Amino acid sequence: MAKVNVGIPQGTRDFGPEVVRKRNYIFDTIRNVFELYGFQPLETPAMENLETLMGKYGEEGDKLIFKILNNGLDSPAKQEQAREDFEKVLKGKNAVGVTERALKYDLTIPFARYVAMNHGQLTFPFKRYQIQPVWRADRPQKGRYREFYQCDADVVGSNSLLNEVELTNIYADVFEKLKIPVEIKINHRKILIGLAELGGGASKAMDITVAIDKLDKIGLSKVKEELVERGLNLSEISTVENYLSISGSNEEKISQAKHLLGSIEAGKKGIEELEGILQYPLATQHADAAGRHADIYRRDSPLIIDFTLARGLDYYTGIIFEVRAKGVQIGSIGGGGRYDDLTGLFGVPNIPGVGISFGVDRIYDVMEELKLFPTGVSTATQVLFFNLGDKESKVALATAQELRRKNVRCEIYHEPAKFDKQFKYAEKKNIPFVVIIGEEEIKNNSCKIKNLTTGQQVEIPLKEISEFFFR
RNA sequence: GUGGCUGUAGCUCAGUUGGUUAGAGCAUCAGAUUGUGGUUCUGAGGGUCGUGGGUUCGAGACCCAUCAGCCACCCCA
């Protein structure tokens, strides 16, 4: 075997036929739900102007943006400028002479850019969904890739809480359809701001959220250590500790939060909105024929208040979401939230929005780990026609065409071969039926159909074949 | 960006303190079987031991470098 010296960039992957089918199953499920809720599709370019992306994802985010080297840097006319700009790059600055485009980092900012560019033509509220790859120059590890797909749904141009309710319903709907047990955690940025005002002042908001976000990972005592490092005094820390000790059902959490933060304007507002969302029923778990699920559902609601939820993206200002799969050690498989004024960054103020995102690649990993893909997903061809010679294959081909016209997916074995081989081919490709048309069958005007799953075989008149597959 | 682990057949992995011609299972192909798969049996192909250097009489094993993959931190989907 020749040594192949080829590869693909770190953190990227090829997807073989089986994997593509499974991924499409996820994409289709999500897309259908988006459509059910009245969202419209949008696609934006793989790359954006660098300045569109820079400064939107926080300092860390900027470092993770894949930048594209300008073409023509070697042209003599530009060489001096290129050299000068490269010096800037070495100092950690951006220089348009070297790079002025970048691969998109998420779907939300390009969407905001689109809305800003087209706000004159759009009817608001504008509800769009978008399913496209994004790129991050992160170091790959479990559940983390450098190229991965996001599926976003956003509503812009409306302040109504009903949008948040609909989006949580989309989350619940999709994950129910995919059979992934999830927790949909919700929190509110204003509650975090309220906490900061109470414990250290608004300027400490970032320090506090960063620290408490780690609670479930590093534990309370380490969080307190980190708060000390970040310059909070003892009484401030004890305020934060009180906040973190909030527990119980959603209702209990709300009432404790009111007690602690209800006197602060921001906190009060945040709590009210969380309460507002929880008042709506989450209408995903449909009663089955016997009417079960109908009332146990409220207790099993995946919607859970988590006051430690912070989320990194700078632009969120209201409700924030994060979805985690139960029983799988992987990061979040979805996230989102409300932003007051994203398009303001592009010169068009006063268009608020709220959105959610699905991480398909992680959802795939979760479903693989929990073995949740339905068996039919990898069935491509439904019927294999055996090839038993020249004359026989002509009949087989004609019959296959008849079935194909009726949308049955068929193929004919590519050359005459022993039964053994043709059977094994069908097996390997997971084809459930084989049709045998040989000399005998042609004489009788019939065909044999064998179900490879059950092993049962029947002989029927050739002209009844399509009925067989539509019983 | 920081740290750790692992690279031996297509895949999963053995390989003794450094010692003859580097093994197994699975997979592939052929045959037993010229109209009935999944089971079984027989046989075959397939390796520059990630790459480059070093130590040694001798390296798959030890040392250094490098590349790749995985994992953790940071951050995130």
Side-chain angles (χ1 to χ4, degrees), chain A residues 1-13 26 30 57-65 92 105-108 131-152 171 209-211 213-214 217-218 222 226 309-314 321-325 328-336 355-366 384 386-389 392 413 416-442 447-459:
Chain A
M1 179 91 57
K3 187 97 189 176
V4 280
N5 195 19
V6 293
I8 53 176
Q10 193 180 41
T12 65
R13 297 147 303 155
I26 300 173
I30 295 173
Y57 308 106
E59 220 173 294
E60 285 299 313
D62 282 356
K63 288 187 204 158
L64 300 180
I65 294 171
Y105 177 91
D106 73 353
L107 302 180
T108 308
I131 299 179
Q132 287 192 277
V134 300
W135 293 267
R136 293 185 191 177
D138 223 342
R139 204 119 155 212
Q141 53 176 282
K142 186 175 182 184
R144 173 173 301 181
Y145 308 98
R146 285 185 155 181
E147 177 185 65
F148 61 96
Y149 270 75
Q150 288 193 328
C151 304
D152 276 31
Y171 264 147
T209 50
V210 167
D213 192 36
K214 299 177 187 166
K217 209 179 262 178
I218 62 177
K222 291 264 175 167
E226 192 160 333
L309 179 63
R311 301 208 39 88
L313 293 174
D314 281 358
F321 305 104
E322 186 163 300
V323 184
R324 292 198 169 251
V328 181
Q329 272 313 108
I330 199 163
S332 57
I333 55 177
I356 57 172
S357 180
F358 291 83
V360 172
D361 303 79
R362 285 186 180 174
I363 290 172
Y364 180 95
D365 290 346
V366 168
L384 176 73
F386 272 22
N387 187 334
L388 299 171
E392 292 86 345
Y413 195 79
K418 290 196 286 187
F419 269 51
D420 183 70
K421 269 201 147 177
Q422 308 201 38
F423 267 120
K424 281 183 173 152
Y425 178 82
E427 222 175 287
K428 230 170 291 167
K429 282 193 74 176
N430 228 333
I431 301 172
F433 291 98
V434 301
V435 172
I436 301 168
I437 300 173
E439 211 178 329
E440 275 175 48
E441 287 81 8
I442 289 182
C447 65
K448 291 199 173 104
I449 303 177
K450 183 159 185 174
N451 180 330
L452 290 195
T453 332
T454 64
Q456 278 177 343
Q457 181 173 305
V458 293
E459 179 163 5

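Quick note on labels: first sequence line is chain A, next is B, and so on, each numbered from 1. Treat the numbers as computed from the prediction; the structure is a model and nothing was measured.
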Practice task
Provide, to the nearest angstrom, the distance between the NZ atom belonging to Lys421(A) and the P atom belonging to rG35(B).
Solution key: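 Computing the Lys421(A):NZ to rG35(B):P distance gives 15 Å.
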Practice task
Could you tell me the separation between the CG atom of Asn451(A) and the P atom of rG38(B), rounded to a whole number of Å?
Solution key: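 Going from CG in Asn451(A) over to P in rG38(B) covers 16 Å.
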Handout entry: Stem list, RNA chain B (Watson-Crick or G-U pairing under 3.5 Å, at least 3 consecutive pairs)
Key =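 As far as RNA chain B goes, consecutive pairing (with distances under 3.5 Å) yields the stems B:1-7 with B:67-73, B:10-13 with B:23-26, B:28-32 with B:40-44, B:50-54 with B:62-66.
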Expressed in whole Å, how much space separates the [atom1] atoms belonging to [N] and [M]?
{"N": "rG60(B)", "M": "rG15(B)", "atom1": "C1'", "value": "8 Å"}
{"N": "rU56(B)", "M": "rC62(B)", "atom1": "C1'", "value": "10 Å"}
{"N": "rC57(B)", "M": "rA68(B)", "atom1": "P", "value": "35 Å"}
{"N": "rU48(B)", "M": "rA22(B)", "atom1": "C1'", "value": "13 Å"}
{"N": "rG31(B)", "M": "rC49(B)", "atom1": "P", "value": "33 Å"}
{"N": "rU2(B)", "M": "rU12(B)", "atom1": "C1'", "value": "32 Å"}
{"N": "rG50(B)", "M": "rG35(B)", "atom1": "C1'", "value": "49 Å"}
{"N": "rA59(B)", "M": "rC64(B)", "atom1": "C1'", "value": "15 Å"}

Problem - Aromatic ring of Phe358(A) stacked on base six-ring of rA77(B), 5.5 Å, 30° - result: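 Stacking between Phe358(A) and rA77(B): absent.
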Practice task
Look at the side chain of Arg139(A) against the base of rC73(B) and say whether a donor-acceptor pair falls under 3.5 Å; ignore hydrogens and angles.
Solution key: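 When only heavy-atom distances are counted, Arg139(A) does not reach the base of rC73(B) through any donor-acceptor pair under 3.5 Å.
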Practice task
Flag the pair Val323(A) / Phe358(A) as yes when at least one side-chain heavy-atom distance between them is below 4.5 Å, and no otherwise.
Solution key: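 A side-chain contact under 4.5 Å is absent here.
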Problem - Shortest side-chain distance from Gln10(A), nucleotide among rG69(B), rC75(B), rU34(B) - result: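 From the listed options, rG69(B) comes nearest.
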